[in-house]
Protein chains: 2
Amino acid sequence: MSFSISQAAAQAQKAARQVANLSSVQKNTLLTDIANSLLEQTPSILAANKIDLDEGKKNGLDAAMLDRLSLDPQSIKGIANAVLEIAAQVDPVGSISNIQRMASGIQVGKMRIPLGVIAMIYESRPNVTIDAAALCLKAGNAVILRGGKEALHSNLALSESIKLALKKHNIDPAAVVVVPDTDRKVMNELMTLNQYVDLIIPRGGEGLIRFVSENSRIPVIQHFKGVCHLYVDSAADETKALNLLENGKTQRTSACNSLETLLVHKDIAATYLPKAAALLAKHQVKIHACEQSIGYFENATAATEDDWHAEYLAMEIAIRVVDDYEQAVEHIENYGSGHTEVIATQDYSKAQAFIRRINSAVVMANASSRFSDGGELGLGAEIGISTSKLHAYGPMGAESLTTEKFIVLGEGEVRS
Amino acid sequence: MSFSISQAAAQAQKAARQVANLSSVQKNTLLTDIANSLLEQTPSILAANKIDLDEGKKNGLDAAMLDRLSLDPQSIKGIANAVLEIAAQVDPVGSISNIQRMASGIQVGKMRIPLGVIAMIYESRPNVTIDAAALCLKAGNAVILRGGKEALHSNLALSESIKLALKKHNIDPAAVVVVPDTDRKVMNELMTLNQYVDLIIPRGGEGLIRFVSENSRIPVIQHFKGVCHLYVDSAADETKALNLLENGKTQRTSACNSLETLLVHKDIAATYLPKAAALLAKHQVKIHACEQSIGYFENATAATEDDWHAEYLAMEIAIRVVDDYEQAVEHIENYGSGHTEVIATQDYSKAQAFIRRINSAVVMANASSRFSDGGELGLGAEIGISTSKLHAYGPMGAESLTTEKFIVLGEGEVRS
């Protein structure tokens, strides 16, 4: 029997109504049971994961890819714990805000409700399957999970744990669909099903995200690249600014919230840059420097236009000396990717102005760009980081998987 | 010199940065000057409007269309007053919410910011040109206005008033673009310019909205039809339920928040329906009734499946008797358009359950569906009513034309 994505999506929409009406307690018990089920099913999950790993090796996947794909009892425990943390979060659904009485007599407020059906299209990490399912369920949604073909056996085994828990709670198993057919045609069809699916979140390479954005009839939340900037102002505290540079660039280079460009005010360059050079040399960071800064570094290459756009995701950084605050802001407006930008300054008014003016998803004064993630910003688990402004901007937690309706409480009022 | 939409959009994006940084006072003074300018320019606006009306008559536009197109000194005063009301509203931009200190020491909050560039695609009413421009400016955005070809001269004349005010405030005139070329090719190109435009709002017939939704690479906010329901529960106050029916169906039939379907609990049908029949007969409302209700009406026709989906926008209604509350809810879930639904009941628990369960954009207990608009719900002017759940759901005011970024205030904290 062949898999029909349109049928699965139609069933998911039906199941979504049931999930939307679960109480917070029911959802939390369900999530706890999913976590327990994952622990109990560890042997079969690992067996399925071994099939994916063996096929991956046979197909020549590189070591990094195999590492991302690989599960072990410890990582499964970690995935289960993440589900328990999601269960422990506040339920965003049903909260009512801003009830006001209008001149007509009616009371008007807003109530948070689930979106409906959410589709995730993602690449090889199998933990996304569980994280995304747990967050979507927490927010009262059904979810369609289309992972990469490299992780298919793992994803299907993980989804069995979810199905067991759904069954125990008499919830329609169509509430969580792992797409068993990773053919591109199925994904393409999924993107047309706007009568059933309310939101698509692609997670993966830029090519995947662009493809989905350009072809989907369903609203897409995009996470393009993170070209994060640190601007060291003339009034910066140099020690803080060095710590922010070290932590932002070197703590985890593969993360999208790592620094890619350092901007330094010309008045502080002569004292700050030599220290920055020593620090970056210690971490063997490759330097792409502008004309005014290149002299401070050994073995630096001259920065080109491409470097200002680059997301290195490696021990590599672009460095530019700017004439003033305004030039720094303009550089960020021209080259930023809308992810995260940091100012290091002790000047109250410049910190305020930067926070107000820069319209990236996360704007910081005197804090490391590495804090730009759901956990550190207080959202709990995150389903992605939006760099598009519509609906959600920045790290997205459970609340970003909901919307608000208006509610009106009257006593028979009519409009005159 | 031919018009280039991509060049206009690129310039609008640049202008948007300037508009985003205007203070509330600057924006309000600008809007006041636009209102004054409209009044001063009344003669040239009316002259341009006459060209459109003459061409419209020559091209055989019907009376309703010509009426929507027509301006006079009184209607221009009304448009100017609407701009002054928008100026008087609270500025959504810059408001900060929810600042919390995290375990790491950083303070995290959210700040409301403009979306950037908003494109409106709309049909013949020229007042939309000014309403939309004023709301977009209030929310700190640039705007591209692509109206119908029937209203082109009027729209261009109206935009002159805006340009004069922008000039007076040294604001880039590219902040408000009225597309002078109404060729479909230009509109089609506009929908691909996702590097410049952040949101498209189509307003008009279902065909236009569907076309834009299916072809745009830019996020679209849709307003499809309003099939609004009144459910008269067994515990309804009959007088209130009759008033809600009369006001909802007959006050302004052409509005999308008018009632199209009446659902009546079987236990109240025998007393409520004869009164409803008399009331609807008084307004000469055409009835499409189910088997159980048809006997209460003279000259009713039997309701078909199509009637449950119908947005009549006329003195016409579909009526169904339901066995219980659950059947009413299911009917709304199956046939509703996600716009506005009303329950008439004095039963506390059923009112609560209805408000909680029905996930249309506006859900009411004991109030007329006609209250479902921006003004009556306290938003001030509205730019449209979204029936899609992403980003905004229901009537959209200035706040719906903004998004939120995260802001982080630190003292040099780094991530461990």
Side-chain angles (χ1 to χ4, degrees), chain A residues 17 20-21 94 100 102 104 106 108 111 113-116 194 198-199 213-214 217 219 237 239-240 243-244 246-247 251 333 351 355-357 359-368 370-372 376-378 388-391 393-395 403-415, chain B residues 17 20-21 94 100 102 104 106 108 111 113-116 194 198-199 213-214 217 219 237 239-240 243-244 246-247 251 333 351 355-357 359-368 370-372 376-378 388-391 393-395 403-415:
Chain A
R17 287 189 195 163
N21 285 295
Q100 291 177 26
M102 299 291 132
S104 60
I106 59 173
V108 178
M111 185 188 280
I113 59 171
L115 284 174
N194 53 351
D198 296 279
L199 174 65
S213 305
E214 292 184 356
R217 286 195 191 164
D237 174 312
T239 308
K240 286 180 190 170
N243 289 341
L244 298 181
E246 181 173 35
N247 190 247
Q251 197 213 11
E333 287 182 342
I355 290 278
R356 172 87 169 78
R357 165 116 173 238
N359 280 342
S360 295
V362 186
V363 191
M364 301 181 169
N366 301 310
S368 171
R370 293 277 298 121
F371 285 117
S372 185
E376 297 291 337
L377 297 180
S388 43
K389 290 180 184 163
L390 257 279
H391 186 70
Y393 194 34
T403 189
E404 286 185 308
K405 67 182 175 191
F406 287 89
I407 61 174
V408 176
L409 305 174
E411 289 292 348
E413 288 86 353
V414 297
R415 189 159 167 192
Chain B
R17 288 190 194 161
N21 285 296
Q100 292 178 24
M102 299 291 131
S104 60
I106 59 174
V108 178
M111 185 188 280
I113 60 171
L115 285 174
N194 52 350
D198 296 278
L199 174 64
S213 306
E214 292 184 357
R217 285 194 192 166
D237 174 312
T239 307
K240 287 181 190 167
N243 290 341
L244 299 180
E246 181 173 34
N247 190 247
Q251 197 215 10
E333 287 182 343
I355 290 279
R356 172 89 169 78
R357 165 117 174 236
N359 281 343
S360 294
V362 185
V363 191
M364 303 180 166
N366 301 311
S368 172
R370 292 278 298 123
F371 286 117
S372 186
E376 297 291 338
L377 298 180
S388 43
K389 289 180 185 165
L390 259 281
H391 187 70
Y393 193 34
T403 188
E404 286 184 311
K405 67 182 173 191
F406 287 89
I407 61 174
V408 176
L409 306 174
E411 288 293 349
E413 288 86 352
V414 298
R415 189 159 165 191

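Below, read A as the first sequence line, B as the second, and so on, with proteins coming before strands; counting in each chain starts at 1.
With chain B as partner, the option from A:Leu409, A:Thr239, A:Leu390 having the largest number of non-hydrogen pairs under 4.5 angstrom is A:Leu390. Of the residues considered (B:Ile106, B:Leu377, B:Ile407), B:Leu377 shows the highest number of contacts with chain A, using heavy-atom pairs under 4.5 Å. The residue among B:Ala367, B:Ser388, B:Ala365 with the most heavy atom pairs within less than 4.5 Å of chain A is B:Ala365. Chosen from B:Leu199, B:Ile113, B:Asn243, the residue pairing most often with chain A at heavy-atom distances under 4.5 Å is B:Ile113. Listed options B:Asn366, B:Asp198, B:Thr403 were ranked by heavy-atom pairs under 4.5 angstrom with chain A; first place goes to B:Asn366. The greatest number of non-hydrogen atom pairs below 4.5 Å with chain A, out of B:Asn194, B:Leu244, B:Asp237, is found for B:Leu244. Between chain B and the options A:Met111, A:Gln100, A:Met102, heavy-atom pairs under 4.5 Å are most frequent for A:Met102. For the set B:Ser104, B:Gly394, B:Ala20, the count of heavy-atom pairs under 4.5 angstrom toward chain A peaks at B:Ser104.
Only the backbone of B:Glu404 has a heavy atom closer than 4.5 Å to any heavy atom of chain A. Proximity to chain B involves both the backbone and the side chain of A:Val408, based on heavy atoms less than 4.5 angstrom apart. Heavy atoms of B:Ser360 lying under 4.5 Å from chain A belong exclusively to its backbone. With a 4.5 Å cut-off on non-hydrogen atoms, A:Ile355 touches chain B through its backbone and its side chain both. Heavy atoms closer than 4.5 Å to chain B are found nowhere in A:Glu246, neither backbone nor side chain.
Listed here is the closest heavy atom pair of A:Lys405 and B:Asn359: NZ-OD1, 3.0 Å. Across A:Tyr393 and B:Phe406, no two heavy atoms sit closer than the pair O-CE1, 3.6 Å.
When the side-chain hydrogen bond (donor to acceptor under 3.5 Å, both in side chains) test is applied to B:Glu411, the partners found at least two apart in sequence or on another chain are A:Lys240.
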Problem - From CA spacing to verdict: side chain to side chain contact (heavy atoms under 4.5 Å, CB included), A:Val108, B:Phe371 - result: CA-CA 10 Å; A:Val108 178; B:Phe371 286 117; over 6 Å; no
Handout entry: side chain to side chain contact (heavy atoms under 4.5 Å, CB included) between B:Asn21 and A:Arg357, intermediate numbers included
Key = CA-CA 7 Å; B:Asn21 285 296; A:Arg357 165 116 173 238; 3.5 Å; yes
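Between the side chain of A:Arg370 and the backbone N or O of B:Arg415 there is no donor-acceptor pair closer than 3.5 Å.
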